[in-house]
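Note sheet for the following structure.
Predicted, not measured: the structure shown is a model, and the values here were computed from it.
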Amino acid sequence: MRRYLRVVVLCLACGFCSLSSTPSPARRVLEEERAAVAGSRRPQRFLARAWTRRRAGGRPRGPAGPAAHPGRSDRAEKNVIFSSVRYSVKAQPVERMHLAVVACGERLQETVTMLKSALIFSIKPLQVHIFAEDQLHDSFKGILDSWSFLQTFNYSLYPITFPSENAVEWKKLFKPCASQRLFLPLILKDVDSLLYVDTDILFLRPIDDIWSLLKKFNSTQIAAMAPEHEEPRIGWYNRFARHPYYGKTGVNSGVMLMNMTRMRRKYFKIELFRICPLNLEELKKSVSSVLLEHYSRSEQMALHHSEVMMHIDDVNDMTAVRLRWGDILMPLLKKYKLNITWGDQDLLNIIFFHNPESLFVFPCQWNYRPDHCIYGSNCREAEEEGIFILHGNRGVYHDDKQPAFRAVYEALRNCSFEDDNIRSLLKPLELELQKTVHTYCGKSYKIFIKQLAKSIQDRYTRPPKER
């Protein structure tokens, strides 16, 4: 009996020693991770590669697959995948913001100053899309190529492009080339979202902040703009417009944030005619004849008649149809061209009048214009937090009518990307603004520098690589 017990004890002792001396699969994984931290590059590359292929939908293969390590259990393989997340987070691509501007005539310097204000404070990489007349391309290239030291900045130059059969009519609408913005969703087909700005825009805080408003869109909103006026008593649309417009005072299109993927997909409700057919079939025939009157022969060939017919509104209304962005523009111009004053901005107001659920309205501090102070301050948000984006329409950067606007423009135009120059921007500007207190806008000069001072301070609290 004693011999039997001795044999059992001896067997148990041997088994215990064997288990303690053989590393488990999980232990081997832990040791490889420790080796990677200690300086071995191989496990780190292996883990990241496994995560990438896993994300793509395939089972890890090669050095990461089970064939390379036949002793590993499924649990150990899962540990590898979970561990790889820690390595791959930093390797995720950084979101790139897209900014578009249209420059024609003598708008080169304004555009360059606008771009400089965007780049000084931006954080994430910025892709700029510049639509310009051919004679301006070389000048843009000469200036922007000298900014090649800005590692987070890329630009693309495009010619002014309108539908060939109506190019002259579109180009002369309001100001030269201004209506180009209407066709951006159709030209930049690979761009999901875009911030369009006029050339006379100045960013006084990072462009990243207005870009983040895209995340606040609900499921129906496709674009964002600011109201044309805060005070209806001095509003233009509510007093003089001869066409439909959005809201109480209309919207200003000088700063327009767009989800262009949604814009390309959406069917927009518009009113093109006033008829009263007797039944649905007559309604469809009437819609067909009215729509085709607005298109040339080649455009008629491209018009998806049956698709349009499927998006006729309620028969009881009998006045509206639904069209996609590419089909809606020319019919609207044909109908309203004798009634619009501000060109493409008026067309946008008409579109969002009929589709109010599609517009996100941001406060006036994101598009601050002389109208907000020329008759006394009427932008409450700017008074509280300062101006975020300055819009010098009416040529106020180049005359003496609104010296406060001109002072900010001149300060940024003369500023360079050197750190010392940006640091010293604020004090001279404040002295210039104090000279403008004899004007209504100058009396509120502190709102012109309140956000700018914060942006400069924030710039130098960020790590050097993010400046």
Sub-4.5 Å side-chain heavy-atom contact between [X] and [Y]:
X      : Y      : answer
Arg264 : Trp325 : no
Val102 : Ile160 : yes
Lys124 : Ile207 : no
Ser358 : Gln221 : no
Leu348 : Val251 : no
Val408 : Leu204 : yes
Glu231 : His229 : no
Arg233 : Tyr375 : no

*asked:* Side chains of Asp192 and Thr261: any donor to acceptor distance under 3.5 Å?
replied: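 Checked: Thr261/Asp192 side chains pair up, N/O donor to acceptor below 3.5 Å.
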
*Might you point out which heavy atoms bring Leu257 and Trp211 nearest each other, and give the distance in Å?*
CD1-CE3, 4.1 Å

*Heavy-atom closest pair, residues Met260 and Leu188*: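 That would be CE-O, 3.8 Å.
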
*Would you mind telling me which of Leu99, Thr152, Asp208, Leu195 makes a side-chain contact (heavy atoms from CB on, under 4.5 Å) with Leu126?*
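Running side-chain contact (heavy atoms from CB on, under 4.5 Å) over Leu99, Thr152, Asp208, Leu195 with Leu126 returns exactly one hit, Leu99.
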
_Exceeds 12 heavy-atom contacts within 6.0 angstrom, atom CZ of Arg265_ =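 For Arg265, atom CZ is not crowded (no more than 12 foreign heavy atoms under 6.0 Å).
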
*Near Gln457 CD, under 6.0 Å, is it more than 12 heavy atoms from other residues, nucleotides or ligands?*
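12 or below, so no.
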
*asked:* Which label fits His129 and His98: parallel for a plane angle under 30°, tilted from 30 to 60°, or perpendicular past 60°?
replied: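 Aromatic pair His129/His98 classed parallel.
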
*Anything under 30° is parallel, anything over 60° is perpendicular, the rest tilted; go ahead and classify Phe153 against Tyr155.*
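Taking Tyr155 first and then Phe153, their aromatic rings lie parallel (interplane angle under 30°).
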
*Within 45° cone and under 6.0 Å: Lys443 NZ/CZ vs Tyr445 ring*: no

*asked:* Tell me whether Arg205 forms a cation-pi arrangement with Phe388, defined as NZ or CZ under 6.0 Å from the six-membered ring centre and within 45 degrees of its axis.
replied: yes

_Stepwise disulfide (SG to SG under 2.5 Å) test for Cys379 and Cys373_ = CA-CA 8 Å; Cys379 179; Cys373 57; over 6 Å; no

Indicate yes or no: does [X] engage [Y] in a salt bridge with an N to O separation below 4.0 Å.
X      : Y      : answer
Arg423 : Asp419 : no
Arg181 : Asp198 : yes
Arg394 : Asp200 : no
Glu383 : Arg380 : no
Glu230 : Arg369 : no

Show me, pair by pair, the donor-acceptor contacts under 3.5 angstrom made by side chains of residues 240-248, not counting sequence neighbours?
residue, atom, partner, partner atom, Å
Arg242, NH2, Leu338, O, 3.1

